[in-house]
2 protein chains.
Amino acid sequence: MNTLSYGLLSFLSRSSCSGYDLMLQIQPFWPAKHSQIYPLLAQLEKDEYVQYEHISQSDKPDKKVYSLTDKGIEALREWLSEPASDPVMRDDLYLKVFCMSLVDSNTARNLFINRLQHYQQKKLKFDNKLPQLQCMTGLPPDEIPSFDSPFFGAYLLLQKAISVNDANIKWCEWALEQIASPAAEKRDSVE
Amino acid sequence: MNTLSYGLLSFLSRSSCSGYDLMLQIQPFWPAKHSQIYPLLAQLEKDEYVQYEHISQSDKPDKKVYSLTDKGIEALREWLSEPASDPVMRDDLYLKVFCMSLVDSNTARNLFINRLQHYQQKKLKFDNKLPQLQCMTGLPPDEIPSFDSPFFGAYLLLQKAISVNDANIKWCEWALEQIASPAAEKRDSVE
DNA sequence: TTATTATATGTAAATAGAGACATATTATCA
DNA sequence: TGATAATATGTCTCTATTTACATATAATAA
(Lines give C-alpha, C1' and ligand atoms only; values in the text may rest on other atoms or scores of the structure.)
Protein backbone atom coordinates (compact mmCIF):
# COMPACT_ATOMS: atom_id res chain seq x y z
CA MET A 1 0.00 0.00 0.00
CA ASN A 2 1.69 3.18 -1.18
CA THR A 3 0.66 6.77 -0.53
CA LEU A 4 -1.41 7.08 -3.68
CA SER A 5 -3.38 3.97 -2.70
CA TYR A 6 -4.23 5.58 0.64
CA GLY A 7 -5.10 8.75 -1.23
CA LEU A 8 -7.61 6.86 -3.37
CA LEU A 9 -9.14 5.31 -0.25
CA SER A 10 -9.26 8.76 1.31
CA PHE A 11 -11.24 10.24 -1.56
CA LEU A 12 -13.54 7.23 -1.57
CA SER A 13 -14.23 7.90 2.13
CA ARG A 14 -15.97 11.11 1.05
CA SER A 15 -18.07 9.52 -1.66
CA SER A 16 -18.01 6.46 -3.87
CA CYS A 17 -16.89 7.19 -7.39
CA SER A 18 -15.22 5.88 -10.52
CA GLY A 19 -11.51 5.63 -11.22
CA TYR A 20 -11.94 8.41 -13.73
CA ASP A 21 -13.49 10.69 -11.10
CA LEU A 22 -10.76 9.80 -8.62
CA MET A 23 -8.16 10.67 -11.23
CA LEU A 24 -9.70 14.11 -11.75
CA GLN A 25 -10.30 14.83 -8.06
CA ILE A 26 -6.91 13.79 -6.73
CA GLN A 27 -4.89 15.89 -9.21
CA PRO A 28 -4.51 19.04 -7.08
CA PHE A 29 -3.43 17.03 -4.04
CA TRP A 30 -1.36 14.18 -5.46
CA PRO A 31 -0.74 14.36 -9.21
CA ALA A 32 -1.34 10.98 -10.85
CA LYS A 33 -2.20 9.70 -14.31
CA HIS A 34 -5.01 7.26 -14.98
CA SER A 35 -2.40 4.69 -15.95
CA GLN A 36 -1.25 4.69 -12.35
CA ILE A 37 -4.69 4.79 -10.77
CA TYR A 38 -6.52 1.98 -12.60
CA PRO A 39 -3.99 -0.74 -11.71
CA LEU A 40 -3.92 0.43 -8.06
CA LEU A 41 -7.71 0.30 -7.86
CA ALA A 42 -7.66 -3.23 -9.25
CA GLN A 43 -5.14 -4.20 -6.58
CA LEU A 44 -7.13 -2.48 -3.82
CA GLU A 45 -10.20 -4.39 -4.98
CA LYS A 46 -8.30 -7.67 -5.03
CA ASP A 47 -7.09 -6.98 -1.48
CA GLU A 48 -10.65 -6.10 -0.43
CA TYR A 49 -10.00 -2.50 0.58
CA VAL A 50 -12.60 -1.41 -1.97
CA GLN A 51 -15.45 -2.97 -3.95
CA TYR A 52 -17.09 -1.81 -7.13
CA GLU A 53 -20.42 -1.81 -8.84
CA HIS A 54 -20.84 -1.69 -12.61
CA ILE A 55 -22.99 1.34 -13.45
CA SER A 56 -24.65 1.67 -16.85
CA GLN A 57 -24.96 5.19 -18.14
CA SER A 58 -27.05 6.33 -21.08
CA ASP A 59 -25.35 9.66 -21.74
CA LYS A 60 -21.77 8.45 -21.13
CA PRO A 61 -19.83 5.18 -21.28
CA ASP A 62 -20.48 2.77 -18.43
CA LYS A 63 -18.31 2.97 -15.35
CA LYS A 64 -17.16 1.13 -12.26
CA VAL A 65 -18.17 2.89 -9.08
CA TYR A 66 -15.81 2.04 -6.26
CA SER A 67 -16.64 2.23 -2.57
CA LEU A 68 -14.73 1.54 0.64
CA THR A 69 -15.08 -1.74 2.50
CA ASP A 70 -14.80 -1.97 6.29
CA LYS A 71 -11.23 -3.14 5.77
CA GLY A 72 -10.60 -0.01 3.71
CA ILE A 73 -11.99 2.25 6.43
CA GLU A 74 -9.88 0.49 9.05
CA ALA A 75 -6.76 0.92 6.89
CA LEU A 76 -7.47 4.65 6.67
CA ARG A 77 -7.89 4.90 10.46
CA GLU A 78 -4.51 3.27 11.04
CA TRP A 79 -2.90 5.47 8.39
CA LEU A 80 -4.34 8.59 10.06
CA SER A 81 -2.84 7.61 13.40
CA GLU A 82 0.66 7.87 11.91
CA PRO A 83 2.22 11.30 11.37
CA ALA A 84 2.27 12.59 7.81
CA SER A 85 5.55 12.28 5.91
CA ASP A 86 7.56 15.34 5.01
CA PRO A 87 6.05 17.03 1.96
CA VAL A 88 8.05 16.80 -1.26
CA MET A 89 8.25 19.80 -3.56
CA ARG A 90 10.02 19.74 -6.90
CA ASP A 91 10.17 23.05 -8.72
CA ASP A 92 12.66 23.62 -11.51
CA LEU A 93 12.28 27.37 -11.04
CA TYR A 94 14.37 26.93 -7.87
CA LEU A 95 17.10 25.29 -9.94
CA LYS A 96 16.89 27.95 -12.63
CA VAL A 97 17.19 30.74 -10.10
CA PHE A 98 20.63 29.45 -9.09
CA CYS A 99 22.10 29.99 -12.55
CA MET A 100 19.97 32.98 -13.57
CA SER A 101 23.00 35.23 -13.80
CA LEU A 102 24.07 33.35 -16.97
CA VAL A 103 21.36 35.16 -18.93
CA ASP A 104 20.29 38.78 -19.34
CA SER A 105 17.80 40.25 -16.90
CA ASN A 106 14.96 40.15 -19.45
CA THR A 107 15.27 36.41 -19.85
CA ALA A 108 15.45 36.06 -16.08
CA ARG A 109 12.40 38.29 -15.63
CA ASN A 110 10.43 36.11 -18.05
CA LEU A 111 10.83 33.16 -15.70
CA PHE A 112 9.11 35.12 -12.96
CA ILE A 113 6.51 36.66 -15.26
CA ASN A 114 5.49 33.20 -16.43
CA ARG A 115 5.38 31.84 -12.93
CA LEU A 116 3.42 34.84 -11.70
CA GLN A 117 0.82 34.15 -14.37
CA HIS A 118 0.68 30.54 -13.20
CA TYR A 119 -0.04 31.65 -9.63
CA GLN A 120 -2.57 34.24 -10.77
CA GLN A 121 -4.48 31.60 -12.72
CA LYS A 122 -4.51 29.44 -9.62
CA LYS A 123 -5.81 32.39 -7.62
CA LEU A 124 -8.73 32.76 -10.03
CA LYS A 125 -9.61 29.10 -9.52
CA PHE A 126 -9.45 29.42 -5.75
CA ASP A 127 -11.54 32.59 -5.79
CA ASN A 128 -14.22 30.60 -7.60
CA LYS A 129 -14.00 27.59 -5.34
CA LEU A 130 -14.28 29.40 -2.03
CA PRO A 131 -17.86 30.76 -2.41
CA GLN A 132 -18.80 27.50 -4.14
CA LEU A 133 -17.61 25.55 -1.11
CA GLN A 134 -19.26 28.02 1.29
CA CYS A 135 -22.49 27.46 -0.60
CA MET A 136 -22.23 23.66 -0.33
CA THR A 137 -21.78 23.81 3.42
CA GLY A 138 -25.18 25.50 3.75
CA LEU A 139 -23.65 27.78 6.36
CA PRO A 140 -24.08 31.56 6.43
CA PRO A 141 -21.28 33.38 4.55
CA ASP A 142 -17.90 33.64 6.35
CA GLU A 143 -18.90 30.91 8.78
CA ILE A 144 -16.32 28.12 9.01
CA PRO A 145 -17.48 24.49 8.73
CA SER A 146 -16.80 22.48 11.89
CA PHE A 147 -14.63 19.38 12.27
CA ASP A 148 -17.70 17.17 11.82
CA SER A 149 -18.75 18.79 8.55
CA PRO A 150 -18.02 16.77 5.41
CA PHE A 151 -16.62 20.00 3.95
CA PHE A 152 -14.17 20.73 6.78
CA GLY A 153 -11.18 19.06 5.11
CA ALA A 154 -11.77 20.73 1.74
CA TYR A 155 -12.15 24.07 3.51
CA LEU A 156 -8.89 23.68 5.43
CA LEU A 157 -6.98 22.76 2.29
CA LEU A 158 -8.48 25.57 0.24
CA GLN A 159 -7.44 28.08 2.90
CA LYS A 160 -3.91 26.70 2.85
CA ALA A 161 -3.75 26.77 -0.92
CA ILE A 162 -4.96 30.38 -0.96
CA SER A 163 -2.52 31.65 1.64
CA VAL A 164 0.49 29.88 0.13
CA ASN A 165 -0.50 30.99 -3.36
CA ASP A 166 -0.83 34.60 -2.21
CA ALA A 167 2.63 34.40 -0.64
CA ASN A 168 3.96 33.10 -3.94
CA ILE A 169 2.33 35.90 -5.92
CA LYS A 170 3.87 38.49 -3.63
CA TRP A 171 7.23 36.77 -3.93
CA CYS A 172 7.14 36.84 -7.76
CA GLU A 173 6.16 40.51 -7.76
CA TRP A 174 8.91 41.34 -5.28
CA ALA A 175 11.47 39.34 -7.31
CA LEU A 176 10.48 41.22 -10.46
CA GLU A 177 11.07 44.51 -8.63
CA GLN A 178 14.55 43.27 -7.70
CA ILE A 179 15.38 42.33 -11.29
CA ALA A 180 15.19 45.63 -13.08
CA SER A 181 14.60 45.24 -16.82
CA PRO A 182 17.28 46.75 -19.11
CA ALA A 183 14.66 49.29 -20.27
CA ALA A 184 14.10 50.36 -16.68
CA GLU A 185 17.85 50.51 -16.12
CA LYS A 186 18.25 52.77 -19.11
CA ARG A 187 15.37 54.96 -17.91
CA ASP A 188 16.84 55.09 -14.41
CA SER A 189 20.27 56.14 -15.65
CA VAL A 190 18.75 58.92 -17.76
CA GLU A 191 16.83 60.34 -14.83
CA MET B 1 18.87 15.53 -20.00
CA ASN B 2 16.31 15.49 -17.22
CA THR B 3 15.57 18.22 -14.68
CA LEU B 4 17.97 16.88 -12.07
CA SER B 5 20.79 16.93 -14.64
CA TYR B 6 20.11 20.61 -15.29
CA GLY B 7 19.96 21.13 -11.54
CA LEU B 8 23.44 19.67 -11.15
CA LEU B 9 24.73 21.92 -13.93
CA SER B 10 23.04 24.87 -12.24
CA PHE B 11 24.80 24.27 -8.94
CA LEU B 12 28.09 23.77 -10.75
CA SER B 13 27.59 27.19 -12.35
CA ARG B 14 28.01 28.71 -8.90
CA SER B 15 31.13 26.78 -8.00
CA SER B 16 32.84 23.58 -8.98
CA CYS B 17 32.34 20.79 -6.51
CA SER B 18 32.15 17.05 -5.93
CA GLY B 19 29.14 14.80 -6.45
CA TYR B 20 28.93 14.45 -2.70
CA ASP B 21 28.73 18.24 -2.26
CA LEU B 22 26.15 18.51 -5.02
CA MET B 23 24.07 15.85 -3.31
CA LEU B 24 24.10 17.80 -0.04
CA GLN B 25 23.50 21.20 -1.63
CA ILE B 26 20.65 20.24 -3.95
CA GLN B 27 18.53 18.52 -1.26
CA PRO B 28 16.39 21.54 -0.25
CA PHE B 29 15.61 22.39 -3.87
CA TRP B 30 15.34 19.03 -5.59
CA PRO B 31 15.54 16.02 -3.27
CA ALA B 32 17.85 13.36 -4.73
CA LYS B 33 19.93 10.47 -3.39
CA HIS B 34 23.58 9.98 -4.25
CA SER B 35 22.56 6.84 -6.16
CA GLN B 36 20.77 9.08 -8.61
CA ILE B 37 23.41 11.80 -8.77
CA TYR B 38 26.60 9.82 -9.42
CA PRO B 39 25.35 8.07 -12.57
CA LEU B 40 23.97 11.36 -13.92
CA LEU B 41 27.32 13.09 -13.36
CA ALA B 42 29.06 10.27 -15.21
CA GLN B 43 26.65 10.72 -18.11
CA LEU B 44 27.06 14.51 -18.08
CA GLU B 45 30.82 14.01 -18.18
CA LYS B 46 30.52 11.52 -21.04
CA ASP B 47 28.36 14.02 -22.94
CA GLU B 48 30.88 16.78 -22.18
CA TYR B 49 28.59 19.06 -20.22
CA VAL B 50 31.00 18.78 -17.27
CA GLN B 51 34.60 17.76 -16.66
CA TYR B 52 36.28 16.63 -13.47
CA GLU B 53 39.58 16.79 -11.74
CA HIS B 54 40.76 14.19 -9.24
CA ILE B 55 41.55 15.98 -5.97
CA SER B 56 43.64 14.31 -3.29
CA GLN B 57 42.73 15.21 0.24
CA SER B 58 44.76 14.47 3.34
CA ASP B 59 42.01 14.91 5.91
CA LYS B 60 39.24 13.21 3.91
CA PRO B 61 38.95 10.63 1.13
CA ASP B 62 39.90 11.85 -2.34
CA LYS B 63 37.18 13.33 -4.52
CA LYS B 64 36.25 14.26 -8.06
CA VAL B 65 35.68 17.96 -8.47
CA TYR B 66 33.32 18.64 -11.36
CA SER B 67 33.15 21.88 -13.31
CA LEU B 68 31.04 23.15 -16.20
CA THR B 69 32.31 23.06 -19.77
CA ASP B 70 31.31 25.70 -22.33
CA LYS B 71 28.76 23.19 -23.65
CA GLY B 72 27.36 22.91 -20.12
CA ILE B 73 27.03 26.68 -19.79
CA GLU B 74 25.31 26.88 -23.18
CA ALA B 75 22.89 24.12 -22.16
CA LEU B 76 21.99 26.11 -19.04
CA ARG B 77 21.41 29.28 -21.08
CA GLU B 78 18.99 27.45 -23.39
CA TRP B 79 17.24 25.86 -20.43
CA LEU B 80 16.84 29.28 -18.78
CA SER B 81 15.19 30.68 -21.89
CA GLU B 82 12.33 28.18 -21.52
CA PRO B 83 9.64 28.82 -18.91
CA ALA B 84 9.85 26.73 -15.75
CA SER B 85 7.52 23.73 -15.51
CA ASP B 86 4.66 23.72 -13.06
CA PRO B 87 5.93 22.88 -9.59
CA VAL B 88 4.98 19.46 -8.23
CA MET B 89 4.03 19.11 -4.59
CA ARG B 90 3.24 15.78 -2.96
CA ASP B 91 2.07 15.97 0.63
CA ASP B 92 0.24 13.08 2.22
CA LEU B 93 -1.14 15.45 4.87
CA TYR B 94 -3.46 16.76 2.12
CA LEU B 95 -4.71 13.23 1.55
CA LYS B 96 -5.10 12.59 5.26
CA VAL B 97 -7.10 15.75 5.75
CA PHE B 98 -9.78 14.44 3.39
CA CYS B 99 -10.58 11.46 5.60
CA MET B 100 -9.76 13.05 8.96
CA SER B 101 -13.35 12.71 10.12
CA LEU B 102 -12.81 8.93 10.41
CA VAL B 103 -10.79 9.46 13.58
CA ASP B 104 -11.31 11.40 16.82
CA SER B 105 -10.27 15.03 16.99
CA ASN B 106 -7.18 14.25 19.11
CA THR B 107 -5.78 11.95 16.45
CA ALA B 108 -6.58 14.58 13.83
CA ARG B 109 -4.95 17.30 15.92
CA ASN B 110 -1.77 15.24 16.18
CA LEU B 111 -1.36 15.39 12.42
CA PHE B 112 -1.26 19.18 12.59
CA ILE B 113 0.86 19.29 15.74
CA ASN B 114 3.49 17.12 14.08
CA ARG B 115 3.41 19.16 10.90
CA LEU B 116 3.58 22.42 12.87
CA GLN B 117 6.76 21.15 14.54
CA HIS B 118 8.17 20.31 11.12
CA TYR B 119 7.54 23.87 9.91
CA GLN B 120 8.92 25.36 13.12
CA GLN B 121 12.15 23.39 12.73
CA LYS B 122 12.43 24.70 9.20
CA LYS B 123 11.88 28.22 10.50
CA LEU B 124 14.80 27.83 12.88
CA LYS B 125 17.04 26.78 9.99
CA PHE B 126 15.93 29.74 7.87
CA ASP B 127 16.43 32.16 10.75
CA ASN B 128 20.02 30.96 10.94
CA LYS B 129 20.62 31.09 7.21
CA LEU B 130 19.39 34.62 6.61
CA PRO B 131 22.03 36.53 8.64
CA GLN B 132 24.63 34.01 7.43
CA LEU B 133 23.74 34.84 3.84
CA GLN B 134 23.61 38.57 4.60
CA CYS B 135 27.11 38.26 6.03
CA MET B 136 28.42 36.46 2.92
CA THR B 137 27.15 39.21 0.64
CA GLY B 138 29.33 41.73 2.44
CA LEU B 139 26.46 44.20 2.23
CA PRO B 140 25.21 46.30 5.15
CA PRO B 141 22.38 44.55 7.08
CA ASP B 142 18.92 44.61 5.43
CA GLU B 143 20.41 45.54 2.08
CA ILE B 144 19.31 43.24 -0.72
CA PRO B 145 21.94 41.73 -3.06
CA SER B 146 21.49 42.85 -6.66
CA PHE B 147 20.82 40.68 -9.73
CA ASP B 148 24.56 40.57 -10.47
CA SER B 149 25.51 39.36 -7.01
CA PRO B 150 26.41 35.65 -6.76
CA PHE B 151 24.12 35.53 -3.71
CA PHE B 152 21.05 37.00 -5.42
CA GLY B 153 19.51 33.62 -6.30
CA ALA B 154 20.05 32.14 -2.86
CA TYR B 155 18.59 35.30 -1.31
CA LEU B 156 15.45 35.16 -3.48
CA LEU B 157 14.87 31.50 -2.67
CA LEU B 158 15.43 31.98 1.04
CA GLN B 159 12.88 34.79 1.09
CA LYS B 160 10.37 32.57 -0.69
CA ALA B 161 11.02 29.66 1.66
CA ILE B 162 10.55 31.93 4.67
CA SER B 163 7.29 33.49 3.51
CA VAL B 164 5.75 30.18 2.44
CA ASN B 165 6.89 28.50 5.65
CA ASP B 166 5.40 31.30 7.75
CA ALA B 167 2.10 30.91 5.88
CA ASN B 168 2.21 27.19 6.63
CA ILE B 169 2.87 27.77 10.32
CA LYS B 170 -0.08 30.15 10.55
CA TRP B 171 -2.23 27.62 8.70
CA CYS B 172 -1.37 24.80 11.13
CA GLU B 173 -2.08 27.03 14.12
CA TRP B 174 -5.39 28.14 12.63
CA ALA B 175 -6.34 24.53 11.80
CA LEU B 176 -5.61 23.49 15.38
CA GLU B 177 -7.92 26.25 16.61
CA GLN B 178 -10.65 24.88 14.35
CA ILE B 179 -10.21 21.33 15.66
CA ALA B 180 -11.09 21.69 19.30
CA SER B 181 -9.62 18.91 21.44
CA PRO B 182 -12.16 16.81 23.41
CA ALA B 183 -10.70 18.29 26.62
CA ALA B 184 -11.39 21.80 25.35
CA GLU B 185 -14.87 20.72 24.30
CA LYS B 186 -15.57 19.41 27.78
CA ARG B 187 -14.20 22.60 29.34
CA ASP B 188 -16.31 24.72 27.00
CA SER B 189 -19.52 22.85 27.81
CA VAL B 190 -18.89 23.22 31.56
CA GLU B 191 -18.45 26.98 31.29
C1' DT C 1 -21.26 12.99 -41.92
C1' DT C 2 -17.08 13.52 -39.98
C1' DA C 3 -13.98 15.40 -36.55
C1' DT C 4 -13.34 16.53 -32.04
C1' DT C 5 -13.97 16.41 -27.14
C1' DA C 6 -15.17 14.38 -22.75
C1' DT C 7 -15.97 10.22 -20.56
C1' DA C 8 -14.35 5.72 -19.40
C1' DT C 9 -10.97 1.85 -18.77
C1' DG C 10 -7.22 -0.59 -19.51
C1' DT C 11 -1.87 -2.23 -20.72
C1' DA C 12 3.13 -1.67 -22.02
C1' DA C 13 7.33 0.59 -22.02
C1' DA C 14 10.41 3.94 -20.41
C1' DT C 15 12.16 7.10 -17.03
C1' DA C 16 12.75 8.87 -12.35
C1' DG C 17 13.54 8.07 -7.75
C1' DA C 18 14.26 5.39 -3.38
C1' DG C 19 16.47 1.86 -0.81
C1' DA C 20 19.80 -1.48 -0.29
C1' DC C 21 24.37 -3.32 -1.13
C1' DA C 22 29.32 -2.36 -1.44
C1' DT C 23 33.81 -0.29 -0.48
C1' DA C 24 37.35 2.91 1.16
C1' DT C 25 39.46 6.92 3.76
C1' DT C 26 40.01 9.79 7.74
C1' DA C 27 38.71 11.72 12.24
C1' DT C 28 36.98 11.28 16.64
C1' DC C 29 35.45 9.19 20.72
C1' DA C 30 35.44 5.51 24.13
C1' DT D 1 42.51 -0.51 19.86
C1' DG D 2 37.99 -0.73 18.24
C1' DA D 3 33.59 1.47 17.18
C1' DT D 4 31.32 5.07 15.05
C1' DA D 5 30.45 8.96 12.06
C1' DA D 6 31.41 11.89 8.14
C1' DT D 7 33.28 11.95 3.68
C1' DA D 8 33.47 9.92 -0.79
C1' DT D 9 31.99 7.05 -4.85
C1' DG D 10 29.85 3.65 -6.98
C1' DT D 11 26.19 -0.30 -8.45
C1' DC D 12 21.84 -2.93 -8.34
C1' DT D 13 17.12 -3.61 -7.57
C1' DC D 14 12.65 -2.24 -6.72
C1' DT D 15 8.98 1.07 -6.74
C1' DA D 16 6.73 5.19 -8.43
C1' DT D 17 5.60 7.94 -12.12
C1' DT D 18 5.18 9.35 -16.92
C1' DT D 19 4.40 8.58 -21.64
C1' DA D 20 2.69 6.06 -25.17
C1' DC D 21 -0.33 2.59 -27.03
C1' DA D 22 -5.16 0.87 -27.28
C1' DT D 23 -10.15 0.76 -27.30
C1' DA D 24 -14.95 2.22 -26.77
C1' DT D 25 -19.19 5.25 -25.91
C1' DA D 26 -21.76 9.44 -26.38
C1' DA D 27 -22.23 14.41 -27.11
C1' DT D 28 -21.25 18.32 -29.76
C1' DA D 29 -19.56 21.12 -33.33
C1' DA D 30 -18.15 21.83 -38.10
Side-chain angles (χ1 to χ4, degrees), chain A residues 1-9 11-12 16-47 50-66 85-92 94-95, chain B residues 1-9 11-12 16-47 50-67 85-92 95:
Chain A
M1 286 275 289
N2 58 21
T3 308
L4 179 54
S5 295
Y6 281 110
L8 297 173
L9 295 184
F11 275 86
L12 289 175
S16 301
C17 59
S18 67
Y20 188 79
D21 281 335
L22 283 170
M23 185 260 296
L24 294 177
Q25 287 180 45
I26 210 167
Q27 290 308 316
F29 308 99
W30 193 279
K33 312 287 176 185
H34 73 273
S35 56
Q36 205 181 355
I37 289 173
Y38 288 125
L40 286 180
L41 278 173
Q43 188 62 45
L44 288 170
E45 197 264 342
K46 196 179 146 202
D47 296 341
V50 299
Q51 56 192 42
Y52 73 85
E53 208 183 339
H54 188 94
I55 300 291
S56 296
Q57 298 185 114
S58 56
D59 56 335
K60 293 170 192 174
D62 298 353
K63 63 180 174 181
K64 291 180 177 180
V65 170
Y66 287 87
S85 311
D86 289 354
V88 171
M89 169 77 132
R90 283 201 173 88
D91 186 346
D92 60 3
Y94 296 170
L95 304 176
Chain B
M1 286 275 288
N2 59 21
T3 308
L4 179 54
S5 296
Y6 282 108
L8 297 173
L9 296 184
F11 275 86
L12 288 176
S16 301
C17 60
S18 66
Y20 188 78
D21 281 335
L22 283 170
M23 184 260 297
L24 295 177
Q25 286 180 45
I26 210 167
Q27 290 309 317
F29 308 99
W30 195 280
K33 311 287 175 184
H34 74 272
S35 56
Q36 206 181 352
I37 289 173
Y38 288 124
L40 285 181
L41 278 174
Q43 188 63 45
L44 288 170
E45 197 264 343
K46 196 180 147 202
D47 297 341
V50 299
Q51 56 194 38
Y52 73 85
E53 208 184 338
H54 188 94
I55 301 290
S56 296
Q57 298 185 116
S58 56
D59 54 336
K60 293 169 191 174
D62 297 353
K63 63 180 175 181
K64 292 180 177 179
V65 169
Y66 287 87
S67 54
S85 310
D86 290 353
V88 171
M89 169 77 133
R90 284 200 171 89
D91 185 348
D92 60 2
L95 304 177

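Here is how names work: the chains are called A, B, and so on, in the same order as the sequence lines, proteins then strands, and each is numbered from 1.
- One cannot find a donor-acceptor pair under 3.5 Å joining the base of C:dG17 and the side-chain atoms of B:Ser35.
- Whole-Å rounding puts the A:Asp59 CG to C:dT5 C1' distance at 15 Å.
- Atom OH of A:Tyr38 has more than 12 neighbouring heavy atoms from other residues, nucleotides or ligands inside a 6.0 Å radius.
- Distances shown here put a side-chain N or O of B:Gln36 below 4.0 Å from the OP1 or OP2 atom of C:dG17.
- Atom CE in A:Met23 sits about 12 Å away from atom P in C:dA6, given to the nearest Å.
- Between B:Lys33 and C:dA20, a side-chain N or O to OP1/OP2 separation shorter than 4.0 Å is absent.
- Distances were taken from every side-chain heavy atom of B:Leu4 (C-beta onward) to each of C:dG17, C:dA8, C:dT26; the shortest belongs to C:dG17.
- From B:Asp92, atom CG reaches atom CG of A:Leu4 across 11.5 Å, with rounding to the nearest 0.5 Å.
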Listed pairs under 3.5 Å, donor-acceptor, residues 25-34 of chain A side chains, sequence neighbours left out:
unit_1, atom_1, unit_2, atom_2, d
A:Gln27, NE2, A:Met23, O, 2.8
A:Gln27, NE2, A:Ala32, O, 2.5

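- The footprint of chain B on DNA chain D, defined by a heavy-atom cutoff below 4.0 Å, extends from D:dT7 to D:dT18.
- Under 4.0 angstrom from either OP1 or OP2 of C:dA8 there lies at least one side-chain N or O belonging to A:Gln57.
- For C:dG17, the OP1/OP2 oxygens have a side-chain nitrogen or oxygen of A:Arg90 closer than 4.0 Å.
- Comparing A:Lys63 and B:His34, the nucleotide of DNA chain C nearest to each residue sits closer to the 5' end for A:Lys63.
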